[in-house]
2 protein chains.
Amino acid sequence: MVAKQNTQQKILDAAQSLFAETGFNDTSLRQITSVAEVNLAAVNYHFGSKKELIQAVLQRYLRVLMARLDQEFSRLLAVQQPNNLTQVLAVFVKPLLELNSVHNNGTRIFLQLLGRGYTDVQGHLRWFINHNYGRVLDKFVLLVQQSCPQLPASELFWRLHFSLGTVVFTMASNEALAEIAEADFSEEVDIEGVIQRLLPYLAAGIAAPVSTRSQPQQQLRSGT
Amino acid sequence: MVAKQNTQQKILDAAQSLFAETGFNDTSLRQITSVAEVNLAAVNYHFGSKKELIQAVLQRYLRVLMARLDQEFSRLLAVQQPNNLTQVLAVFVKPLLELNSVHNNGTRIFLQLLGRGYTDVQGHLRWFINHNYGRVLDKFVLLVQQSCPQLPASELFWRLHFSLGTVVFTMASNEALAEIAEADFSEEVDIEGVIQRLLPYLAAGIAAPVSTRSQPQQQLRSGT
DNA sequence: AGGTGTTTGAAATGTACGTTTGAATATCCG
DNA sequence: CGGATATTCAAACGTACATTTCAAACACCT
């Protein structure tokens with residue numbers, strides 16, 4: 001069955017889990033090639049460098065995800081009247097869960113990797129994602145903008161990044177959180193359940209009323 | 001004036017900025033001692049190890065912050081009727097901004113460090129914080145519980161961790177976000193502004209209506 | 001001033017890392 | 001089959017890291 005597996009795939013499979021759990025910089029090629037049961041030099045032979053391996057690991061998911069998201073976004077944009085924010089956010093659910101067909105636990109792994117990409121110092125990853133898929137993400141921003149016309153662009157910018165943080169951190173700590181939740185509330189936790197819990201939180205946060213006072217009531221400064 | 005500065009303080013000052021910007025694991029003692037203009041061996045002499053230096057850097061802020069938070073929480077708990085959620089969250093603002101008197105940009109540095117503590121793999125830091133200050137944080141959870149009596153305990157658990165993720169991720173990416181915001185919206189971004197933008201987002205997310213449907217309408221599984 | 005304990009300094013230790021090399025092996029195709 | 005190409009392998013390279021060592025410099029005190 002699984003007799004002969006491609007070396008490149010063995011590397012990608014080993015790397016994605018290690019990267020997701022330990023971060024990019026704290027995962028060594030020696031760990032990866034050891035888990036993958038391939039020679040140390042194989043990474044540089046097949047991918048060129050560690051940096052390019054990181055991109056390849058993410059690309060496996062991004063290609064699938066972004067194509068699906070692009071479809072969904074275009075579909076919603078074609079509708080004449082603006083869409084409900086909850087509907088717009090819900091569009092992520094199916095494409096994300098379909099990543100489970102790329103690999104076991106693909107959804108969780110991808111979201112963890114995304115988190116690592118933003119918190120580890122990986123400038124090349126931010127550039128890589130924005131350069132390749134910025135066009136798709138712009139559609140999403142446009143959709144949210146249409147469903148929240150009262151939100152200033154700068155406020156929207158911040159809230160979308162707050163939301164990215166919410167998702168990414170939650171997924172990064174998923175294991176620990178799930179354990180606690182199961183122990184304290186005896187509820188079983190899967191990735192889909194977490195996503196369903198996230199949606200109302202995110203929708204409410206993004207659409208929160210804009211504070212009328214742009215300056216806080218009391219300032220507190222050091223020095224001067 | 002600043003003629004003779006304590007070696008320990010020179011190390012702490014240099015370390016906190018480098019840790020905040022580059023993360024704990026990606027900052028070397030050589031960088032720190034070079035910026036601090038002290039000998040490489042000084043870190044191990046004064047702090048024992050890099051791990052203990054990390055804790056010392058955080059401790060400088062945690063000691064001050066947690067004492068102040070404890071006061072505020074106790075004060076709110078003493079009030080008979082439950083407090084408004086926004087009020088409870090707003091309690092963080094002043095103690096956080098007072099960290100600017102611990103050091104220049106203390107608030108920003110501390111929050112970035114906190115973010116690093118949760119995203120870098122620093123198990124000892126999670127333990128360190130919980131062990132030393134878990135009692136204070138429990139008061140906060142109680143306050144939120146009182147102000148959102150309609151929220152089931154499990155839902156509250158998830159939403160508080162969502163919120164932690166929002167804050168921590170935002171602070172970890174603070175620099176990059178601030179740059180973009182300044183470029184795209186030509187608005188100056190300081191840490192207080194970010195905190196003031198966070199509050200309504202967090203309050204709305206935590207208090208979001210609880211979805212009546214506990215099971216999502218469509219499932220999607222890989223394999224079976 | 002002189003002796004004691006604390007702090008600094010330059011150098012070395014051992015380990016781990018990403019990457020490169022060149023020979024050995026496997027795979028492919030006429 | 002046989003020669004060319006693609007892949008694997010063990011070993012080494014150069015670099016960077018945290019930590020240790022021990023002698024020199026310093027600070028403090030009677």
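Side chains included, hydrogens not; waters and symmetry mates left out as well; all remaining heavy atoms used. We name chains A, B, ... by the order of the sequence lines, and we start the count at 1 in each one. Being a predicted model, the structure only gives us computed values, none of them experimental.
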>> Among residues 35-47 of chain B, which ones have heavy-atom contacts with DNA chain D below 4.0 Å?
In response: L40(B), A41(B), N44(B)

> Are F73(B) and F92(B) close enough that their ring centers fall under 6.0 Å?
Replying inline: yes

> Are any of the side-chain nitrogens in D13(A) or R60(A) under 4.0 Å away from the carboxylate oxygens of its partner?
Replying inline: yes

> CG of D26(A) versus C1' of dG18(C): gap in Å, rounded?
Replying inline: 15 Å

>> Regarding Y201(B) and S163(A), do their side chains bring together a donor and an acceptor under 3.5 Å, going by distance alone?
In response: yes

> What is the distance from CD of Q8(A) to C1' of dT8(D), rounded to the nearest Å?
Replying inline: 13 Å

> What nucleic acid atoms does T27(B) come within less than 4.0 Å of, heavy atoms only: base, sugar-phosphate, or nothing?
Replying inline: sugar-phosphate

> To the nearest 0.5 Å, how far apart are CG in L114(A) and CG in L125(A)?
Replying inline: 9.0 Å

>> Could you tell me how far apart E52(B) (CD) and dT19(D) (C1') are, to the nearest whole angstrom?
In response: 13 Å

>> To the nearest 10°, give me the bend of the helix from dA1(C)-dT30(D) to dG30(C)-dC1(D), comparing the axes of its five terminal pairs at either end.
In response: 10°

> Are any of S28(A)'s side-chain N or O atoms less than 4.0 Å away from OP1 or OP2 of dC17(C)?
Replying inline: yes

>> Check the phosphate of dT8(C) against T7(B), side-chain N and O only, distance under 4.0 Å to OP1 or OP2. Yes or no?
In response: yes

> What pairs of residues pass the side-chain hydrogen bond (donor to acceptor under 3.5 Å, both in side chains) test when at least one of them lies in residues 32-45 of chain A, not counting sequence neighbours?
Replying inline: none

>> Please report the distance, rounded to the nearest Å, between NZ in K51(B) and P in dT19(D).
In response: 10 Å

> With distance as the sole criterion, is a donor-acceptor pair present between the side chains of E52(A) and S49(A) under 3.5 Å?
Replying inline: yes

> Looking at L69(A), V88(A), L77(A), which hits side chain to side chain contact (heavy atoms under 4.5 Å, CB included) with F140(A)?
Replying inline: V88(A)

> Checking only heavy atoms, does the side chain of R30(A) share a donor-acceptor pair with the base of dA16(C) at less than 3.5 Å?
Replying inline: no

> How many Å lie between CG on L29(A) and P on dC9(D), as a whole number?
Replying inline: 16 Å

> Between the side chains of R108(B) and Q112(B), is a donor N or O closer than 3.5 angstrom to an acceptor N or O?
Replying inline: yes

>> Show the nearest heavy-atom pair for residues L199(A) and A90(A), with the distance to one decimal.
In response: CD1-CA, 4.2 Å

